[in-house]
Amino acid sequence: MAELPEDTTLDVVDQLIGEGETRRAEQVLLVAMLARRGEDATAARQMLREIEDTLATLHCRRAYLRAMKTGP
């Protein structure tokens, strides 16, 4: 995932998480379909891991932004 600019807003991060969750769901379906057909799903599984890694990063950024918004 490309680095997010330091001034990325919470709204933008929330939108990216929503889009990422949609992509994740689609990729899970793709992996399942390939497995059902007996096709090699290695590349699809790798892409799923990358999507999940990106989502984890975005969730961390959202938690940070929320913490900064509420203050100490």
Side-chain angles (χ1 to χ4, degrees):
M1 177 181 143
E3 291 288 323
L4 291 174
E6 197 60 34
D7 61 345
T8 302
T9 65
L10 184 56
D11 290 339
V12 170
V13 173
D14 284 338
Q15 179 181 349
L16 291 171
I17 288 172
E19 292 169 4
E21 291 293 349
T22 298
R23 286 189 186 97
R24 181 188 173 285
E26 291 168 351
Q27 198 68 19
V28 166
L29 292 174
L30 176 61
V31 169
M33 181 193 67
L34 291 171
R36 268 194 319 277
R37 292 181 178 178
E39 297 181 33
D40 183 12
T42 303
R45 284 188 188 99
Q46 177 60 35
M47 181 59 65
L48 178 57
R49 281 190 293 276
E50 290 175 17
I51 292 168
E52 289 173 339
D53 289 347
T54 299
L55 280 167
T57 300
L58 288 168
H59 282 284
C60 286
R61 175 62 71 97
R62 179 170 63 183
Y64 169 78
L65 290 172
R66 284 181 175 167
M68 294 305 293
K69 189 174 183 178
T70 59

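Note: hydrogens, waters and symmetry copies are ignored here, and every other heavy atom, side chains too, is used. Heads up: numbering here begins at 1 and tracks the sequence.
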Looking at Ile17, Thr8, Leu10, which hits side chain to side chain contact (heavy atoms under 4.5 Å, CB included) with Arg61?
Thr8
When rounded to the nearest 0.5 angstrom, what distance separates [atom1] in [X] from [atom2] in [Y]?
| X | Y | atom1 | atom2 | value |
| --- | --- | --- | --- | --- |
| Glu52 | His59 | CD | NE2 | 10.5 Å |
| Glu19 | Gln15 | CD | CD | 4.5 Å |
| Ile51 | Gln46 | CD1 | CD | 10.5 Å |
| Leu16 | Thr57 | CG | OG1 | 12.0 Å |
| Leu48 | Glu26 | CG | CD | 12.0 Å |
| Arg23 | Met47 | CZ | CE | 10.5 Å |

Starting from Met33, walk the hydrophobic network (Ile, Leu, Val, Met, Phe, Trp, Tyr; side-chain heavy atoms closer than 4.5 Å) and list everyone else you reach, by chain and number.
Leu30, Leu34
Is there a donor in the side chain of Gln27 and an acceptor in the side chain of Arg24, or the other way round, less than 3.5 Å apart?
no
Exercise: do Thr9 and Asp11 side chains pair donor with acceptor under 3.5 Å:
no
Check against side-chain contact (heavy atoms from CB on, under 4.5 Å), Arg62 and Leu58:
CA-CA 6 Å; Arg62 179 170 63 183; Leu58 288 168; over 6 Å; no
Are the side chains of Val12 and Leu4 in contact, using a 4.5 Å heavy-atom criterion?
no
